[in-house]
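For ligands, and for the atoms within them, numbers begin at 1 and follow the listed sequence. Hydrogens, waters and symmetry mates play no part in the numbers below; they use all other heavy atoms, side chains included.
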Amino acid sequence: MNAFDAQPLPNAASEQDLLAFHRLALLAGENPEIEPLLAALNEHLKAQGLVFCEPGSMFPGAKRLVTVPLHHGERYLGDLCLTIGPEDDSTLTAARLEFFSPLAVLVLAAKAPLQDDLQQERDRLEAVLEATNEAILMLDSDGVLVMATPSFETFTGISRHTVVGYPVNTLAQQIENQPGVPERLANIFRALSVEPVECQGGEIAITEPQYRVLVWYSLPLHSSHGVSLGRIFVFHDVTRERDLDRMRIEFIALVTHELRTPLTSVKGFSDLILEINPEGLDSEVRDYLQIIAQNADRLAALIKDILDITRVETDRIQLIPDFCDVEGVIRSTTLDMQPLIQEHGHRLTIEIQPGLPLIWTDAERLKQITTNLLNNAIKYTLNPGEILIQAVHITGVDELPPAARRDQILPCVMISVADTGTGISPEDQASLFKYFYRSTPPAHQSSVGSGLGLMLVKALVEMQGGQVWFESTLGVGSTFFFTIPVGKSVTTDHN
Ligand code: ADP
């Protein structure tokens with residue numbers, strides 16, 4: 001019987017192999033039944049590293065001991081051992097060696113030098129990884145860190161050699177002990193090494209050895225045959241970009257803040273003149289003053305949006321959450337917008353699911369979100385059109401509409417604003433939540449807007465743990481959805 005037929009084996013022999021065979025031959029001398037197995041081993045063993053200890057050198061009492069060193073990459077893991085006791089008869093020894101030999105061959109085969117072209121490819125890949133500015137780490141499918149690029153050391157101050165080749169827990173512990181590296185990073189590694197999630201990502205700040213903001217993502221890796229290879233983690237340094245962002249935001253905040261004071265005077269005085277003696281004014285002058293007042297209002301609204309955006313971006317927006325009656329907020333929003341709806345001749349329908357729970361949110365911000373979406377529905381629907389506002393309680397993923405992401409915090413309340421308006425083209429849909437983005441249809445260009453409303457909606461919803469998305473068909477209409485988690489009201493009574 002040949003126990004090695006199925007294994008792909010190396011074919012280069014070395015001096016150490018000869019030594020290994022010499023020692024094996026000694027064993028065989030005592031147990032002739034082992035001969036055929038050794039012959040097979042002899043045929044295939046072409047790699048370095050098989051070590052034979054002298055009797056009793058490791059396990060007292062063992063007559064013979066065969067060990068094969070086990071490595072993981074560069075790291076020595078221990079020895080694969082076969083002991084043969086003084087009382088073992090030759091049949092038992094032969095059986096044991098039969099079991100042991102294929103394992104030994106596999107270990108040695110894994111240690112065999114790579115073929116030239118394979119080695120070259122590996123060297124090239126290693127050189128690229130060593131030169132990359134990103135910190136790239138790879139966990140194998142057993143959660144062992146098998147690779148980390150030099151940038152990982154630069155970013156965290158943790159030596160790669162203390163973590164590569166060890167289970168993810170060693171890496172997590174090193175991170176926890178490392179000053180300036182947030183514990184959250186350890187949790188990210190721990191959680192993702194066991195969670196079979198697809199892509200995950202985020203941003204993390206490290207304060208030592210140097211302040212850095214890192215954008216990270218993590219993906220599962222598979223071979224071309226679909227076999228799991230583990231997970232990769234990539235960390236990209238965006239400190240400079242974030243600094244520039246912060247400077248830009250601070251500049252915008254300063255300028256808009258400074259604009260408010262003269263604007264208040266323009267608005268205040270034009271209103272005052274209009275109020276003091278409207279009849280005494282020439283009709284042309286009155287019209288001009290009204291235009292000034294209206295435009296001052298528009299400018300004030302724009303400045304408010306910009307300041308809100310800058311506050312969101314610098315984490316300075318204050319939420320004042322409380323138990324909030326969604327229906328009350330929707331009714332009050334639509335009441336405020338009634339004049340505009342009438343002016344456009346639209347028909348508004350409100351459908352609130354009976355028994356909607358109170359949600360733990362900032363009512364003013366909820367009103368701001370709803371107002372923005374309703375305002376868009378009014379603006380971007382040709383007169384007269386239909387607008388439908390709905391609010392429903394979602395307790396399970398199955399109740400979400402198909403376009404919604406499945407990772408919503410549940411239970412939640414989902415509010416939607418649907419219109420029979422112009423719709424949004426697929427090209428515009430991709431950029432809708434970006435700064436100052438306004439889509440291209442001429443009907444939109446003539447309407448008043450800053451291109452900041454949706455961005456603000458998204459930021460305010462996400463700050464409260466919800467999500468925003470939309471469905472739209474050009475020429476048919478659009479529906480914008482957002483969710484707000486029910487939050488505290490699930491378990492707390494409302495007193
Ligand atoms: P704006 O102040 O321009 O309305 P938003 O950020 O609210 O800014 O919206 C960005 C762009 O998205 C708008 O300019 C418009 O082109 C498009 N849009 C938003 N809502 C709708 C809608 N309900 N129907 C069609 N287009 C819309």
Looking only at heavy atoms, is any part of Thr422 under 4.0 Å from ligand 1, and if so is it the side chain, the backbone, or both, or is it neither? side chain
In ligand 1, which numbered atoms sit nearer than 4.0 Å to a non-hydrogen atom of Leu432? 12 (O), 17 (C)
Which of the ligand 1 atoms, numbered from 1, are nearer than 4.0 Å to a heavy atom of Lys379: 1 (P), 2 (O), 4 (O)
Tell me which one of Asp419, Thr420, Ile378 gets a heavy atom nearest to atom 22 (C) of ligand 1. Asp419
Distance-only N or O hit between ligand 1 and Gly453, under 3.5 Å: yes
Heavy-atom donor-acceptor pair, Ser425 side chain to Asp428 backbone, under 3.5 Å: yes
Are Arg240 and Asp243 within salt-bridge range, i.e. N to O under 4.0 Å? no
Is the closest heavy-atom distance from Gly451 to ligand 1 below 4.0 Å? yes
Where ligand 1 meets Asn376 - atom numbers and elements under 4.0 angstrom, heavy-atom basis: 4 (O), 5 (P), 7 (O), 9 (O), 19 (C), 20 (N)
Side-chain donor-acceptor pairs of residues 333-341 under 3.5 Å, sequence neighbours excluded:
residue : atom : partner : partner atom : Å
Thr333  : OG1  : Val329  : O            : 2.6
Thr334  : OG1  : Ile330  : O            : 3.0
Thr334  : OG1  : Arg331  : O            : 2.9
Asp336  : OD2  : Lys367  : NZ           : 2.8

Is it the case that His393 and Gln353 place a side-chain donor and acceptor less than 3.5 Å from each other? no
Side-chain donor or acceptor of Thr381 paired with backbone N/O of Ala377 under 3.5 Å: yes
Heavy-atom distances under 4.0 Å decide this one: backbone, side chain, both or neither, for Leu454 against ligand 1? both
Which one holds for Tyr437 and ligand 1: side chain close, backbone close, both close, or neither close, with close meaning a heavy atom under 4.0 Å? backbone
Heavy atoms of other groups near Arg248 CZ, more than 12 under 6.0 Å: yes
Could you tell me, atom by atom, which parts of ligand 1 come under 4.0 Å of a heavy atom of Phe480? 20 (N), 21 (C), 22 (C), 23 (N)
Taking 4.0 angstrom as the limit and counting only heavy atoms of Leu452, give me the atoms of ligand 1 inside it, by number and element. 6 (O), 8 (O)
Residue selection (non-hydrogen contact nearest atom 3 (O) of ligand 1) among Lys434, Met455, Arg438: Arg438
Let me see the working for Glu399 and Arg406 under salt bridge (Lys or Arg N to Asp or Glu O under 4.0 Å), right down to the final yes or no. CA-CA 10 Å; Glu399 298 160 30; Arg406 307 282 107 181; over 6 Å; no
Does the Thr156 side chain pair with the main chain of Val181, one donor and one acceptor, at a distance under 3.5 Å? no
